[in-house]
Amino acid sequence: MSDLKAIDKQYVANTYARFPVEIVSGQGSLVYDEAGKEYIDLGSGIGVTAFGIADPVWRAAVTEQLGKVQHMSNLYYTEPCAKLAQMLCQRTGMKKVFFSNSGAEANECAIKAARKYAAEKKGPEHYTILTLENSFHGRTLTTLAATGQEHYHELFQPLTPGFVSVPAGDLEALKAAALKHKAAGVLIECVQGEGGVNTLEKDYVQAVAAFCAAEDILLLVDEVQTGNGRSGALYAYMRYGITPDVVSTAKGLGGGLPLGATLLGEKAEFVLGAGDHGSTFGGNPVCCAGALSILERLDEDFLAQVRRKGELVRQALEGAEGVEAVTGLGLMIGVKPAKKSAGDVVRALIGRGVLCLTAKDKIRLLPALNIPEELLLKAAALIKEELA
Ligand SMILES: *Cc1c(COP(=O)(O)O)cnc(C)c1O
């Protein structure tokens with residue numbers, strides 16, 4: 001371990017403040033360090049390993065495809081890519097899918113689609129994308145510009161122009177900015193993940209959707225973190241009763257392999273033509289085969305269990321000593337400590353055998369969607385003890 005830490009420190013770029021833990025194996029929601037210590041994993045690789053570590057169904061799907069074709073360029077057809085696009089469209093009502101490799105890329109495609117749509121329909125001066133303060137949309141220079149958190153922008157100027165962020169929940173500010181800047185699109189997360197697990201109000205989201213529809217501004221919903229069952233619905237927008245024009249997703253979609261998807265609705269279906277966008281790895285057959293094995297299992301019964309497990313955690317922690325607030329939807333949960341900093345709590349929980357994340361001043365829980373109830377309750381009890 002100390003050797004590995006030293007090598008990592010010397011050779012891996014300093015972009016991550018790692019916890020002093022090396023994970024060597026796991027099964028489901030339990031992971032083990034090099035000394036054999038067991039941890040309950042409530043982070044699932046930041047909401048990526050939707051069915052836990054080494055999930056046998058996902059592993060079988062991925063392994064089978066690995067033995068057939070591990071990669072083929074997008075110049076040819078492959079079955080997992082077409083089947084996954086079909087499944088995504090059939091389950092959402094969206095019309096077409098562009099595949100990429102990450103959340104940032106899924107958002108880049110959404111932004112390109114909105115800009116081209118507006119340029120063709122209204123003119124090239126309609127390029128601005130409105131985003132919300134405290135949002136997070138990725139680390140590329142364009143998705144950083146979309147991210148409404150100034151501290152990420154410092155020293156990386158100039159970012160891609162054409163992004164304006166407005167306070168979440170303030171409909172009038174959004175409308176005014178949309179008209180002033182000739183907005184091409186509005187990009188939102190229904191639950192802001194990195195920004196602190198802040199759940200947007202239903203009335204607000206519905207009003208934003210109605211405004212976008214009336215002004216023919218594309219509504220882009222970033223479901224990179226909230227998507228693929230995390231919120232207790234297949235996509236979080238479904239809990240809001242809205243129909244976005246474009247949905248971007250990644251994280252849990254591939255179950256642990258890199259896969260991003262941008263779902264294009266009726267208005268945006270034909271906006272990107274041959275040569276307008278592309279990705280060498282996008283739609284990789286192994287990643288898509290894994291994703292199919294995930295999506296196939298996210299049926300209504302399973303999603304009801306996700307909602308129920310979320311409620312169990314809420315019941316265990318809401319109003320408990322040292323808990324100021326519990327936020328989020330489904331198994332995307334924020335817990336605001338009343339007495340300690342979120343970072344200190346997360347570090348102390350490592351000692352207790354629980355791996356959690358932070359988001360601003362909250363502890364963030366993104367457990368595997370199939371985490372057994374007793375394991376989840378055991379972890380919630382340890383969190384409660386630590387917060388008291
Ligand atoms: C993680 C995240 C992204 C960026 O995803 P990457 O795969 O890291 O590029 C974008 N949007 C949201 C809401 C996210 O949570």
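Count residues from 1 along the sequence. Indexing begins at 1, ligand by ligand and atom by atom, following the structure's order.
Listed by first then second residue, pairs satisfying side-chain hydrogen bond (donor to acceptor under 3.5 Å, both in side chains) with a partner in residues 43-63 read D55-R297, not counting sequence neighbours. Evaluation of the side-chain hydrogen bond (donor to acceptor under 3.5 Å, both in side chains) test over residues 84-97, restricted to residues two or more places apart or in two chains, returns K96-E269.
Screening L263, L218, D216, V271 for a side-chain contact (heavy atoms from CB on, under 4.5 Å) with D245, the sole residue that qualifies is L218.
In summary, E318 and R314 do not engage in a salt bridge, as defined by a charged side-chain N under 4.0 Å from a carboxylate O.
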Could you tabulate the donor-acceptor pairs under 3.5 Å formed by side-chain atoms of residues 231-239, not counting sequence neighbours?
residue	atom	partner	partner atom	Å
S231	OG	A233	N	3.2
Y235	OH	N228	OD1	2.5
R239	NH1	S231	O	2.6

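Listed by chain and number, S102, G103, A104, N107, F136, H137, G138, E189, E194, D222, V224, Q225, K251 each place a non-hydrogen atom less than 4.0 angstrom from ligand 1.
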>> For D41 and L30: C-alpha separation, side-chain torsions, deciding distance, then whether side chain to side chain contact (heavy atoms under 4.5 Å, CB included) applies.
In response: CA-CA 6 Å; D41 180 13; L30 293 172; over 6 Å; no
